[in-house]
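Each remark here refers to the structure printed beneath this line.
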Amino acid sequence: DTEVTQTPKHLVMGMTNKKSLKCEQHMGHRAMYWYKQKAKKPPELMFVYSYEKLSINESVPSRFSPECPNSSLLNLHLHALQPEDSALYLCASSQDPRNYGYTFGSGTRLTVV
Amino acid sequence: KQEVTQIPAALSVPEGENLVLNCSFTDSAIYNLQWFRQDPGKGLTSLLLIQSSQREQTSGRLNASLDKSSGRSTLYIAASQPGDSATYLCAVLAAGNKLTFGGGTRVLVKP
């Protein structure tokens with residue numbers, strides 16, 4: 001299995017809802033990432049987990065809460081989002097980015113209404 | 001701070017023509033450079049990964065070159081097809097394992 005799987009593919013949520021995005025990989029990669037991508041812009045890093053520990057938080061608002069329950073799974077919990085949080089959320093993983101680069105998932109298209 | 005620029009921002013070519021996509025970066029102290037393809041509303045598909053010690057990588061119709069000293073990489077796609085229409089992103093990996101993306105080149109290949 002050489003894929004990063006993200007669910008759901010699409011999500012519409014109200015500003016008072018709580019929802020979660022899920023990311024899964026079975027490649028044995030020890031680092032996992034959340035990126036946010038707005039239309040016609042490059043992806044922006046949000047969080048990095050290394051060996052199941054949060055190693056980087058790029059000053060992301062607390063309404064986004066990441067969780068890494070095990071080495072294969074990464075969640076992003078969403079609460080009280082704003083319409084401007086609507087974007088494509090991408091998950092990525094890597095074993096050794098210096099030698100093997102990154103593998104990205106297909107993303108979750110989030111719309112906040 | 002590393003900055004990555006991709007020129008042109010958009011490109012339209014007739015089918016069969018070769019594509020040349022450019023990527024430049026400001027800090028040559030990189031570990032590697034990765035080219036990705038992104039279809040509208042979809043995730044990123046890795047095309048080629050070039051290590052800082054390498055000059056080029058090839059996969060099928062794709063060839064990517066790297067000139068680290070001048071801070072440039074070029075992605076060549078031979079004999080373009082309508083299915084090559086997508087956005088192409090380059091990203092460089094530098095100290096702290098920080099991945100910096102360029103703004104992308106939107107490619108349209110007309111039948």
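Proteins come first, then strands; the chains are lettered A, B, ... in the order of their sequence lines, and each starts at number 1.
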- With chain A as the partner chain, list the residues of residues 26-40 of chain B whose heavy atoms fall under 4.5 Å from it, by residue number, and write 'none' if nothing qualifies. B:Y31, B:N32, B:Q34, B:F36, B:Q38
- Looking at A:P43, A:A39, A:C91, which one has more heavy-atom pairs under 4.5 Å with chain B than the rest? A:P43
- Query: How long is the span from the CZ atom in B:F101 to the CD atom in A:Q37, to the nearest 0.5 Å?
  - Reply: 8.0 Å
- Which answer fits A:Y102, side chain, backbone, both or neither, if we ask what part of it has an atom under 4.5 Å from a heavy atom of chain B? both
- If two hydrophobic side chains count as joined below 4.5 Å and joins carry through other members, does A:L110 share a cluster with A:L76? yes
- Message: If I measure from the heavy atoms of chain B, does A:E3 come under 4.5 Å with its side chain, its backbone, both, or neither?
- Response: neither
- Could you please state which residues from residues 81-99 of chain B sit under 4.5 angstrom from chain A, measuring non-hydrogen atom to non-hydrogen atom, sorted by number, or 'none'? B:L89, B:L93, B:N97, B:K98, B:L99
- Item | chain B contact via A:R98 - which portion, at a heavy-atom distance below 4.5 Å | both
- Are there more than 12 heavy atoms of other residues, nucleotides or ligands under 6.0 Å from atom NZ of A:K38? yes
- So which of A:N99, A:L88, A:L90, A:T103 has the biggest tally of heavy-atom pairs under 4.5 Å with chain B? A:N99
- Item | Residues, nucleotides or ligands: over 12 heavy atoms within 6.0 Å of A:E44 CD | no
- Item | Same cluster (ILVMFWY, side-chain, under 4.5 Å), A:V60 and A:L81 | yes
- Under 4.5 Å, heavy atom to heavy atom: which of residues 44-56 of chain B reach chain A? Give them by number, or say none. B:L44, B:S46, B:L49, B:Q51
- Item | Linked, directly or transitively: A:L73 and A:M46 (ILVMFWY side chains, under 4.5 Å) | no
- Does B:L11 share a hydrophobic cluster with B:I7, counting links as ILVMFWY side-chain heavy atoms below 4.5 Å and allowing steps through other members? no
- Determine, using the 4.5 Å side-chain heavy-atom cutoff (strictly less than), whether B:L21 and B:V4 are members of one ILVMFWY cluster. yes
- Item | Where A:P42 and B:G102 come nearest, the two heavy atoms and their spacing | CB-O, 3.2 Å
- Counting a contact as any heavy-atom pair under 4.5 Å apart, which residues of residues 65-77 of chain B contact chain A? none
